[in-house]
Amino acid sequence: MQIIRDIAMLRRAVSALKQGGKSVALVPTMGALHDGHLSLVRMGRRVADHVVVSIFVNPTQFGPNEDFAAYPRDEDRDAALLVEAGVALLWAPDVGTMYPAGHSTHIEVAELGADYCGAARPGHFDGVATIVSKLFNQVRPDIAIFGEKDWQQLAIIRRMARDLDFALDILGAPIARDADGLALSSRNAYLSKQQREAAIAFPGALKAAARAIAGGADVGEALAKAEADIVAGGFDSVDYVALADADSLERLTAFHKPARLLAAARMGKTRLIDNLAVE
């Protein structure tokens, strides 16, 4: 596996991978890799000839009081996992490469980024959209793969790619979960043993709400019960629990397809997100 930190070298290496009409899939990450990330790599190997993974902890998607400095970083471990997974190239730039002096451009996907995590983390999705657009321009992949765990992020990236005419396919990969149902996340590492055991209340409450809504229950009552169950399970607060149109992300007060149950909750200093299709 090549490890590259320079944009000119990256472009030469990707051009070599594409020789003979071969295709390239990009898996953007912030490192601290777990099996959720590796499931994206496995999908990439199924749908493309080569997989490129990026690791970059992007400062512009963190708020001033968030965990940018503390976000877990272990490139040697991550690189070993990617070699084992059959990745062709690791793109691992530094901040100066991604945001050179004088950088003053950002991308905002206004409507889709205004609610949910966008409301709880102002500016977060501007940072996401900006860095992903840069990665698309740098790597120029045929396919990009993102996890469905951050459903709002996936919707925003799809809209951005469509609006800005990026010539690539964007695929969503199913949420990878631990055996007890908690969605895999690099931030799960912040949880103490006791908190980790309590965290299963989060997916449990969402499953119950999804079943209730699909069965005809009042949406508002089902969402309120889910929020109460999450707090009762040991979370300190809930940023939101919402039923949304799966494509437009518009909040729904009555169930219709396609719909997605979106949620974010906080336990101690850790903020977790999750979502479920309502079918």
Side-chain angles (χ1 to χ4, degrees), residues 34-37 39-40 42-43 111-121 145-158 170-188 190-191 193-268 270-279:
H34 50 67
D35 196 58
H37 298 107
S39 72
L40 309 186
R42 291 191 289 271
M43 175 182 280
E111 294 179 3
L112 291 180
D115 202 351
Y116 314 116
C117 285
R121 305 178 67 189
I145 302 173
F146 297 85
E148 291 183 349
K149 190 191 77 173
D150 194 333
W151 189 266
Q152 185 177 16
Q153 173 179 276
L154 179 58
I156 285 170
I157 290 167
R158 282 175 166 155
I170 295 174
L171 304 182
I175 299 171
R177 297 183 181 275
D178 272 333
D180 61 6
L182 186 68
L184 297 185
S185 170
S186 300
R187 289 187 168 97
N188 289 355
Y190 297 160
L191 300 172
K193 183 176 184 294
Q194 183 179 6
Q195 288 175 325
R196 175 61 188 81
E197 292 172 354
I200 62 171
F202 192 20
L206 296 186
K207 282 185 179 180
R211 284 195 301 268
I213 292 168
D218 178 83
V219 169
E221 291 177 4
L223 298 180
K225 185 177 188 307
E227 184 169 341
D229 288 347
I230 292 167
V231 173
F235 282 78
D236 297 307
S237 62
V238 174
D239 281 357
Y240 60 85
V241 179
L243 183 68
D245 181 280
D247 298 321
S248 71
L249 302 185
E250 178 186 0
R251 288 186 185 246
L252 302 176
T253 57
F255 171 53
H256 67 69
K257 294 181 181 180
R260 206 88 187 179
L261 198 60
L262 309 176
R266 299 175 187 264
M267 180 180 285
T270 306
R271 183 179 186 272
L272 300 180
I273 61 172
D274 204 345
N275 70 88
L276 287 174
V278 182
E279 298 174 329

Exercise for review: Apply the test side-chain contact (heavy atoms from CB on, under 4.5 Å) to residues Ser248 and Glu111: give CA-CA distance (whole Å), side-chain angles for both, the deciding distance (0.1 Å), then the verdict.
Suggested key: CA-CA 9 Å; Ser248 71; Glu111 294 179 3; over 6 Å; no
Can you name the closest pair of heavy atoms from [X] and [Y] and give their distance?
X	Y	answer
Met43	Pro174	CE-CD, 4.2 Å
Lys149	Asn275	O-ND2, 2.7 Å
Arg177	Pro203	NH1-CB, 4.1 Å
Leu272	Leu182	CD1-CD1, 4.4 Å
Leu184	Gly36	CD1-N, 3.5 Å
Ala155	Leu112	O-CD1, 3.6 Å

To the closest 0.5 Å, what do you measure between [atom1] ([X]) and [atom2] ([Y])?
X	Y	atom1	atom2	value
Leu223	Leu262	CG	CG	10.0 Å
Ser185	Asp150	OG	CG	10.0 Å
Leu261	Leu206	CG	CG	5.0 Å
Arg196	Asn188	CZ	CG	6.0 Å
Leu171	Glu148	CG	CD	10.0 Å

Check your understanding: Residues in side chain to side chain contact (heavy atoms under 4.5 Å, CB included) with Val238, at least two apart?
Key ->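 Once residues adjacent in sequence are excluded, the partners of Val238 under the side chain to side chain contact (heavy atoms under 4.5 Å, CB included) criterion are Glu227, Ile230, Val231, Val241, Ala265.
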**Study point:** Sequence-distant partners of Arg158, side chain to side chain contact (heavy atoms under 4.5 Å, CB included), two or more places apart
**Key:**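 Scan of Arg158 (side chain to side chain contact (heavy atoms under 4.5 Å, CB included), adjacent residues dropped) gives Leu154, Ile170.
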Exercise for review: Give the C-alpha distance, both sets of side-chain angles, the deciding distance and a yes or no for side-chain contact (heavy atoms from CB on, under 4.5 Å) between Cys117 and Arg271.
Suggested key: CA-CA 11 Å; Cys117 285; Arg271 183 179 186 272; 3.3 Å; yes
**Study point:** Contact list for residues 241-258, test salt bridge (Lys or Arg N to Asp or Glu O under 4.0 Å), sequence neighbours left out
**Key:**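 Residue pairs with at least one partner in residues 241-258: Asp115-Arg251.
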Point to revise | Worked verdict on Ile175 versus Asp274 for side-chain contact (heavy atoms from CB on, under 4.5 Å) | key: CA-CA 9 Å; Ile175 299 171; Asp274 204 345; 3.9 Å; yes
Practice item. Keeping to residues at least two apart or across chains, list the ring-ring contact (aromatic ring centres under 6.0 Å, His included) pairs with something in residues 212-235. Key: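 Every pair satisfying ring-ring contact (aromatic ring centres under 6.0 Å, His included) with a residue in residues 212-235: Phe202-Phe235.
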**Study point:** Contact list for residues 236-261, test ring-ring contact (aromatic ring centres under 6.0 Å, His included), sequence neighbours left out
**Key:**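 Only Tyr116-Tyr240 qualify under ring-ring contact (aromatic ring centres under 6.0 Å, His included).
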Below 3.5 Å, can you tabulate the donor-acceptor pairs from side chains in residues 208-219 to any protein atom, sequence neighbours excluded?
from: Asp218; atom 1: OD2; to: Gly220; atom 2: N; distance (Å): 3.1
from: Asp218; atom 1: OD2; to: Glu221; atom 2: N; distance (Å): 2.9

Practice item. For Ile273 and Arg187, run side-chain contact (heavy atoms from CB on, under 4.5 Å): C-alpha distance rounded to whole Å, both residues' side-chain angles, the deciding distance at 0.1 Å, then the answer. Key: CA-CA 10 Å; Ile273 61 172; Arg187 289 187 168 97; over 6 Å; no
